[in-house]
Colleague: 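Can you read through this structure? Questions will come right after.
Atoms within a ligand are numbered from 1 in the order they appear, just like the ligands themselves.
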Amino acid sequence: MCKYAFLNPLYIAYFCSLKKHENMSKRYTITAALPYTNGPIHIGHLAGVYVPADIYARYLRLTGNDVAFICGSDEHGVPITIKAKKEGVTPQDIVDKYHAIIKQSFEDFGITFDNYSRTTAKIHHDTAQEFFKTLYDKNEFVEEVTEQLYDAEANQFLADRFVTGTCPKCGNEEAYGDQCENCGSSLNATDLINPKSAITGNVPSLKETKHWFLPLNKHEDFLREWILKGHKKDWKPNVYGQVKSWIDDGLRPRAVTRDLDWGIPVPVEGGEGKVLYVWFDAPIGYISSTKEWAAREGKNWEDYWKDKDTKLVHFIGKDNIVFHCIIFPSMLKAEGSYILPDNVPANEFLNLEGQKLSTSKNWAVWLPDYLIDFPNQQDVLRYALTANAPESKDNDFTWKDFQARNNNELVAIFGNFINRVVVLTNKYYDGIIPEPSDYSTIDEETLAAVKAYPAVISSSIERYRFREASQELMNLARLGNKYLADEEPWKTFKTDEARTKTVMFVALQIASALAVLSEPFLPFTSTKLKGILNSNDNGWEDVSTKDILIQASHQIGKGELLFSKIEDSEIQIQLDKLEASKKANEAEKKVTEPQKDEITFDDFTKLDLRVGTILEAEKMPKTKKLLVLKVDTGIDTRTIVSGIAESFSPEDVIGKRVTVLVNLAPRALRGVESQGMILMTEDEGGNLVFVNPDIDGVKNGLQIS
Ligand SMILES: [Zn+2]
């Protein structure tokens, strides 16, 4: 019988079966997808990649492992050059600007990269060129002259995002030359149906050019063996499934060079005017960033990329699976001296209030904006995004859920427990931890339950289930709350001094455990809590191995609120911002309608258009849109029913000069006969505008011709 059998039965399975911790420090190289530097980052990036990667890296460091947590800005590729052209600046200006903004956001949110580099750095250009050269020398590329899409007007080949068209796989009409964002297919520009230049809008022609291709087909057997056989059990089903479908579809050679001027020059003969494909150079960025870090820290970078005992893990979003599971491993395999990723725990997408996050549509919560509206509340966002992480399916971020996670969990459970412990310790004992007496069964069970948490949370984190891990952390806070509620030290304080001291002592042990175990998830809170407890001595394992985490007679600090309630009004501000984005998007969507079919002059003269004045107006009962107008047309005064009530009140329109189509056949609307039509147009915001004579004194009844 396991001695912890009295614990919550859910834990027993884990805890009894856990092997004694071997305390073997391992080496880990953890990479987080290089953010693309054509804009700031938003909550989708944080939820999908950077928060889970940071939880993992922090956890591994806390458990004594050797960790290189690596990232950097991805600064090449076509979208940056398109943005630069649009803004009339250089691509370097664009990447300098966003590299600084993105780097700051990561620091602000406590993402603990060991190194954050950039792909325009010299060390990266050198590393990527050397990598290319090695594969070239080993004959790992296929060199081929092919016909590529060419925009004659722009005098440029149309690679990647310079061309859009219809995806041959799913029919999405806005697929790019390298990838369809709708179905995730990786494409060649020439695969697109009805291609169109993103520079001029022209239909491109085909022109011959020489490029180097990575023959992925050559690596198919290896990929099948390594992933489909080797990682069937430990890779996430969504990742495994995507990889399998690509391999089963048949892999084809992929061009790894481009006819562009922004990027890393192709370092071999015949490569003049060509650069490395951004997806060839970007993952090598993990290697060059590690080199930069190792040089600074006096380490050997090769230990982190070439030693088979090192565990390499790539954190990415699902749109990058093909590059990290097929293309980059094929490159590493072809090079020959590198290790392969042990796991690629890609997340699905996070939506925002039911809609896909979109940079171009400004449908996002940008990290710099979040910090302005919620200063010092990084942990709240980290927690809300983790508790609702899109780990196994697309998930929705809603501001209401964010508010509920804060108010009902962080404030009401975690914060409330800590606050009660700290306030009571200060009130009863001037902040000096009291000496306990003998433990009751409840005390012993509670302390044993606390000891189980490091293993339970570790087990979830090591299986990349960060959402589950964050909920276990909250369960520990719940345990503390329940303990206090059951033992009621505020009642026993008057009747049983010894018991009260014991209860407070036990509660302080739980608070200490929370200070340690919350660090990967709530790093700012953990630091604050350690400060309040005046204790920074415990490591992850100590929570399960030490009987006492914080000693009697130790002095703790004063209470300080860890979290504060978020009011409805703060949430409404965020919802209003999104509503404004939605309106702006709708306005932008209004494109100029194409010209209608030609008509003859005779057709035109059939229309009898007159200048008129609205004399009376009232709302049509029981309708939202209709106004019943009396209009002086110069010929007569007639009734016209007009669908303008959502834009104008009756008072707005009385006395308005208007243009009236007077010979339109009458028709009945809600029982009222409408004898003509008033001409209107609509502005960009969707507001109706009258079409009327632009000077006063034009008499009613004048014909418009
Ligand atoms: Zn598609």
Colleague: Below 3.5 Å, can you tabulate the donor-acceptor pairs from side chains in residues 37-47 to any protein atom, sequence neighbours excluded?
Modeller:
residue, atom, partner, partner atom, Å
T37, OG1, D74, O, 2.9
H42, ND1, G44, N, 3.0
H45, ND1, H42, N, 3.0

Colleague: Given a threshold of 2.8 Å, state how many protein N/O/S atoms are nearer than that to the Zn ion (ligand 1).
Modeller: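 For the Zn ion (ligand 1), protein nitrogen, oxygen or sulfur atoms under 2.8 Å: 4.
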Colleague: Please say which of Y36, F106, Y116 ends up in a ring pair (Phe, Tyr, Trp, His ring centres under 6.0 Å) with H99.
Modeller: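 With H99 as partner, ring pair (Phe, Tyr, Trp, His ring centres under 6.0 Å) holds for just one option, Y116.
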Colleague: Tell me, which pairs form a ring-ring contact (aromatic ring centres under 6.0 Å, His included) where one or both residues lie in residues 149-198, sequence neighbours left out?
Modeller: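 The answer is Y150-F157.
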Colleague: Run the salt bridge (Lys or Arg N to Asp or Glu O under 4.0 Å) check on E140 and K218 step by step: do they pass?
Modeller: CA-CA 9 Å; E140 290 287 349; K218 187 183 144 183; 2.8 Å; yes
Colleague: Identify all side-chain donor-acceptor contacts of residues 195-202 below 3.5 Å with residues at least two apart in sequence or on another chain.
Modeller:
residue, atom, partner, partner atom, Å
S197, OG, D151, OD2, 2.6
S197, OG, I199, N, 3.0
S197, OG, T200, N, 3.2
T200, OG1, D151, OD2, 2.6
T200, OG1, N202, N, 3.1
T200, OG1, N202, ND2, 3.1
N202, ND2, E153, OE1, 2.8

Colleague: Under 6.0 Å between ring centres: does that hold for Y383 and F521?
Modeller: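 Judged by ring-centre distance (under 6.0 Å), Y383 and F521 do not meet the cut-off.
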